[in-house]
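In what follows, chains are A, B, ... by sequence order, proteins preceding strands, each numbered from 1.
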Amino acid sequence: MATLERATTRREAPGANRSGILAFGLALWVIAVGACVLFYRRLETVAAMYAGLGASLPFPLRLHIFSARPLSWTVLPLVALATLWLWRRNPKGLGAAKLVSVSGLIALLWTVVGLLLGLHTLAFDLIEALR
Amino acid sequence: VYSASGDPSRAADRWLSSLGLALWVVAALALAIFHHGVETVVSRNEALLRDLPSEHRSERAFRSLPALHSQLRLARSLSAIAFPAALVAIFLVRRVRGGISGGILAAGSGLFVAACSIAGLLWAMVVATTPV
């Protein structure tokens with residue numbers, strides 16, 4: 001019975017493996033946060049650049065500049081909070097390494113989606129502005 | 001989840017492989033959308049230039065469009081070149097260090113292609129929003 005219990009006990013991978021997964025997850029988080037910071041700074045620069053133009057800037061472009069930014073930026077803290085919450089509750093014996101790697105993947109995915117949407121709206125609105 | 005009956009290091013390797021493959025899929029999808037977006041922007045700009053009255057074609061904003069297109073295509077190439085480069089790196093690493101696990105290779109190459117995809121997207125954003 002004790003052997004059966006040990007066999008079905010969920011546990012985390014041993015030290016070296018766990019640290020590898022943790023390092024991978026942290027690398028994902030670093031890439032996602034780094035990209036978001038650069039994205040945020042670029043949009044700030046664009047907004048400041050066009051602020052000098054005043055009312056001549058088309059409204060959809062202004063709207064998209066300010067709506068594309070939080071797309072990437074606000075989701076990352078939410079993913080981090082959800083990871084912390086899951087880690088504290090620890091459902092199904094999920095360890096910190098697995099949680100960090102999965103949440104890092106979600107953060108990166110969302111960053112890519114935000115970048116693609118931001119680039120798409122900015123590029124197309126700039127064309128419309130040129131028209 | 002690791003059971004006592006299974007080999008924990010192999011299970012961790014499988015986990016890393018899955019995450020690495022997920023990164024490859026994310027990067028490939030991002031590249032496909034990026035490629036489509038760049039081609040659409042270029043074709044729309046070319047249509048805009050064709051329809052433009054000849055007196056406006058010499059304006060600075062319109063004269064710079066071909067340079068903008070080549071910069072956008074260069075940024076897309078940065079994202080695209082990461083895929084064959086990662087495959088070649090995997091091949092070379094396996095030849096040099098035969099004992100390296102598949103999970104570490106998948107995770108490392110996945111990180112590389114995802115980072116290159118994001119770098120290409122950020123570069124394109126800088127190019128698209130830089131005033132002429």
Side-chain angles (χ1 to χ4, degrees), chain A residues 3-14 16-18 20-21 23-25 27-28 30-32 34-36 38-39 42-43 45-46 49-50 53 65 68 92-95 97-98 101-102 104-105 108-109 111-120 122-124 126-131, chain B residues 1-13 15-16 18-20 22-23 25-27 29-30 33-34 36-38 40-42 44-45 47-49 51-52 59 61-62 65 68 72 75 101 103-104 107-108 110-111 114-115 117-122 124-131:
Chain A
T3 311
L4 185 65
E5 275 178 6
R6 273 200 302 277
T8 53
T9 302
R10 291 162 188 270
R11 63 189 172 89
E12 189 56 85
N17 301 321
R18 191 173 56 201
I21 296 172
F24 177 73
L28 286 178
V30 167
I31 292 172
C36 268
L38 290 174
F39 183 36
R42 187 65 207 167
L43 288 174
T45 311
V46 171
M49 198 166 70
Y50 282 105
L53 298 175
I65 283 173
K92 298 181 179 178
L94 273 175
K98 280 186 173 182
S101 58
V102 172
L105 189 66
L108 190 92
L109 179 66
T111 303
V112 169
V113 170
L115 276 173
L116 283 169
L117 279 175
L119 188 60
H120 180 269
L122 281 176
F124 279 98
L126 282 173
I127 292 172
E128 293 304 318
L130 275 175
R131 281 179 192 274
Chain B
V1 175
Y2 303 94
S3 68
S5 56
D7 183 355
S9 67
R10 291 192 76 174
D13 205 50
W15 180 263
L16 273 178
S18 309
L19 288 176
L23 278 181
V25 171
V26 168
L29 281 175
I33 297 168
F34 188 21
H36 178 70
V38 167
T40 312
V41 165
V42 168
R44 280 184 71 171
N45 276 351
L48 172 72
L49 281 176
D51 300 341
L52 205 65
E59 282 177 18
F62 297 111
L65 279 181
L68 171 76
L72 281 176
S101 76
I104 290 171
L111 270 179
S117 291
I118 286 178
L121 285 172
L122 284 169
M125 179 162 284
V126 169
V127 167
T129 55
T130 301

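Leu16(B) touches chain A through its side chain: at least one heavy atom from C-beta onward sits under 4.5 Å away, while N, CA, C and O do not.
Within the 4.5 Å cutoff, the side chain of Leu38(A) has no heavy atoms near those of the Val126(B) side chain. For the pair Leu19(B) and Leu28(A), the minimum side-chain heavy-atom distance is 4.5 Å or more.
Partners of Ala75(B) by side-chain contact (heavy atoms from CB on, under 4.5 Å), not counting sequence neighbours, listed by chain and number: Phe34(B), Trp123(B), Ala124(B). Every residue two or more places apart in sequence or in another chain that forms a side chain to side chain donor-acceptor pair (under 3.5 Å) with Ser101(A) is listed here: Trp15(B).
Between chain A and the options Ala115(B), Ala30(B), Ala107(B), heavy-atom pairs under 4.5 Å are most frequent for Ala107(B). When each of Ile118(B), Val127(B), Val26(B), Leu29(B) is scored by its heavy-atom pairs under 4.5 Å with chain A, the top score falls to Ile118(B).
Listed here is the closest heavy atom pair of Ala22(B) and Leu105(A): CB-CD2, 3.7 Å. The two atoms that bring Phe24(A) and Leu111(B) nearest to each other are CE1-CG, 3.7 Å, heavy atoms only.
Leu121(B) contributes atom CG, which lies 5.0 Å from atom CG of Leu116(A) (distance to the nearest 0.5 angstrom).
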